[in-house]
Amino acid sequence: MEQHPIWKGKWTVLLAATGSAVGLGNIWLFPYKVGEYGGSAFVLVYLAGVLIMGVPLMISEITIGRFTRMSPFNAVTKLSENSRVPGAWRLLGFIPHIGSCTILTFYAVIAGWALLYMVHMATGGVFGSIQVAEESAAAFSRLQADPLTMIFYHTLFMAATIFIVAKGVIAGLEKSINWMMPLLFVMVICLLIYSMFSGQFMRSLEFLFTPDWSKINGESVSFAIGQAFFSLSLGMGSIITYGAYMAKEGDIAKTGTAVSLLDMLLALCMGLVVFPVVFSFGLEPNSGPGLIFESMPLAFGSLPLGNLFGTVFFALVAVAALSSSISLLEPTVALLEERTSLKRWKIAALVGGAIWLAGFSVVLSFNVWQDVHILPGKNIFDTLDYIVSNIMLPLGGLVTALWMGWLMKPSDARNELGLGPQWFGVLHTMVRYVSPVLLFLVLFTSLGIIQF
Ligand code: TRP
């Protein structure tokens with residue numbers, strides 16, 4: 001089996017994992033789901049999910065990756081070698097690969113929207129010169145009704161993803177990520193300052209943080225946990241794969257904690273950027289996947305040098321999405337590199353090409369195939385969103401917890417982590433008992449076996 005190269009830079013894994021975690025999940029999905037599921041109740045379950053399960057599982061994924069130095073499927077095979085786990089269970093190792101490819105199918109389409117908005121902001125096109133709320137919603141609907149434009153930008157985005165993965169995560173990723181991530185954080189902080197003065201900041205704080213437990217039900221809990229996993233890139237092999245490239249000297253526990261907290265912070269900041277705009281312009285918080293695309297142009301429209309800021313903002317969204325999409329394609333490319341003798345660029349083109357084609361169905365689900373329902377009342381995009389958030393992510397998280405908590409020898413895990421007995425004890429208990437129990441509950445709720 002092919003050996004992978006290892007990142008030399010001390011900070012590379014931190015930046016790469018943050019690059020994977022920070023993306024459309026924080027900028028696009030988080031505000032949209034918070035709006036759809038009623039604000040604070042969703043946010044609080046999400047925060048609990050990040051702290052109780054997210055941090056320990058992030059650390060677990062890096063540990064599994066660095067210990068085995070393999071892609072997820074082979075990592076599990078390797079972990080099972082010395083155990084008595086029946087062979088068929090190893091097939092669970094395919095879940096991250098299926099999941100990451102499925103996510104990328106719709107991820108690339110949404111990232112394409114960000115590219116389009118960037119271009120329009122720069123050139124003063126339709127989406128870049130919006131002043132009133134009605135115009136902004138109408139412009140977004142027009143985009144949704146236009147499959148060719150969507151396919152054009154979706155194709156551009158997939159081509160960039162494939163290109164970087166084909167070059168390899170070292171040459172392709174290490175350099176760009178050094179300045180992109182910090183710039184995105186600076187930009188979000190500037191926008192946050194703007195929104196503090198927009199008059200609706202307090203209302204947004206309340207919307208996001210004042211607990212209203214009556215709004216919590218099974219569906220919002222499942223989506224909030226799914227959101228925590230999505231945003232942290234957990235359960236689908238991205239972090240296992242990056243862990244496999246991490247230098248031996250790096251501190252896994254610190255890296256995992258830092259990535260999780262940074263990611264959570266950025267999502268909360270985005271909430272505080274988007275909702276003041278939504279409220280000041282009288283938009284509906286529950287307007288769905290278009291939320292940031294309808295709201296942010298309005299904010300830029302009312303700012304001096306708005307188009308410049310808007311261009312930079314959407315460029316950073318696209319770039320953040322790119323550093324995440326790379327981590328969605330990489331696990332499967334790494335697996336095929338380990339298992340076949342094909343060249344990396346061929347594998348990247350094949351796997352990426354298949355995902356690109358599958359993405360057409362997502363584009364069409366917003367227009368021509370709007371009425372093609374897979375699950376009752378859900379078109380192709382809604383179905384993928386539902387299956388990913390409610391089933392694949394909790395399932396991926398569950399198997400990761402079982403691999404770390406039950407399959408990997410505790411002594412191996414502890415050596416790899418270099419933690420003292422107490423901290424290791426806490427971590428191990430969280431992944432061995434707490435996460436599996438909670439995730440079973442989430443899965444049963446999603447499947448309708450438990451109802452509340
Ligand atoms: N976390 C990324 C985002 O927030 C998306 C992502 C990358 C992801 N890799 C993943 C989501 C693995 C789930 C699993 O945009």
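This one's a predicted model, so the numbers in the text were calculated from it and none came from an experiment. Whatever order the structure lists them in is the order used to number ligands and atoms, beginning at 1.
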Open item on the list: If only side-chain N and O atoms count, and only distance matters, is there a donor-acceptor pair under 3.5 Å linking Thr155 with Trp356?
Closed with: yes
Task: Minimum-distance protein heavy atom relative to atom 6 (C) of ligand 1 - done: Ser233 OG, 3.4 Å
Task: Pairing of Lys248 and Glu416 as salt bridge, 4.0 angstrom limit - done: yes
TODO: Check each of Leu234, Leu328, Leu393 against atom 10 (C) of ligand 1 and report the one with the nearest heavy atom.
DONE: Leu328
Task: Top protein contact for atom 11 (C) of ligand 1, by heavy-atom distance - done: Phe230 O, 3.1 Å
- [ ] Give the atoms of ligand 1, by number and element, whose distance to some non-hydrogen atom of Ser327 is under 4.0 Å.
- [x] 7 (C), 9 (N)
Task: Side-chain heavy-atom pair Phe223, Glu36 within 4.5 angstrom cut-off - done: no
Task: Residue portion contacting ligand 1 (non-hydrogen atoms closer than 4.0 Å) for Ser238 - done: side chain
Task: Option set Ser323, Ser20, Gly23, criterion heavy-atom distance to atom 2 (C) of ligand 1, minimum - done: Ser20
TODO: Name the option, out of Phe229, Tyr107, Phe30, that contains the heavy atom nearest to atom 15 (O) of ligand 1.
DONE: Tyr107
Task: Distance-minimising heavy-atom pair for Ser325 and Leu104 - done: CB-CD1, 3.6 Å
Open item on the list: Is it the case that atom CZ in Phe281 sees more than 12 heavy atoms from other parts of the structure closer than 6.0 Å?
Closed with: yes
- [ ] Compute whether any side-chain donor of one residue and acceptor of the other, for Asp263 and Ser260, lie under 3.5 angstrom apart.
- [x] no
- [ ] Indicate, as side chain, backbone, both or neither, the part of Ile103 found under 4.0 angstrom from ligand 1 when only non-hydrogen atoms are considered.
- [x] side chain
Task: Candidate list Tyr153, Phe157, Phe293, test ring-ring contact (aromatic ring centres under 6.0 Å, His included), partner Trp113, passing option - done: Phe293
Open item on the list: Which of the numbered atoms in ligand 1 are under 4.0 angstrom from any heavy atom belonging to Met236?
Closed with: 12 (C), 14 (C)
Task: Proximity to ligand 1 by part of Ala21, non-hydrogen separation under 4.0 Å - done: backbone
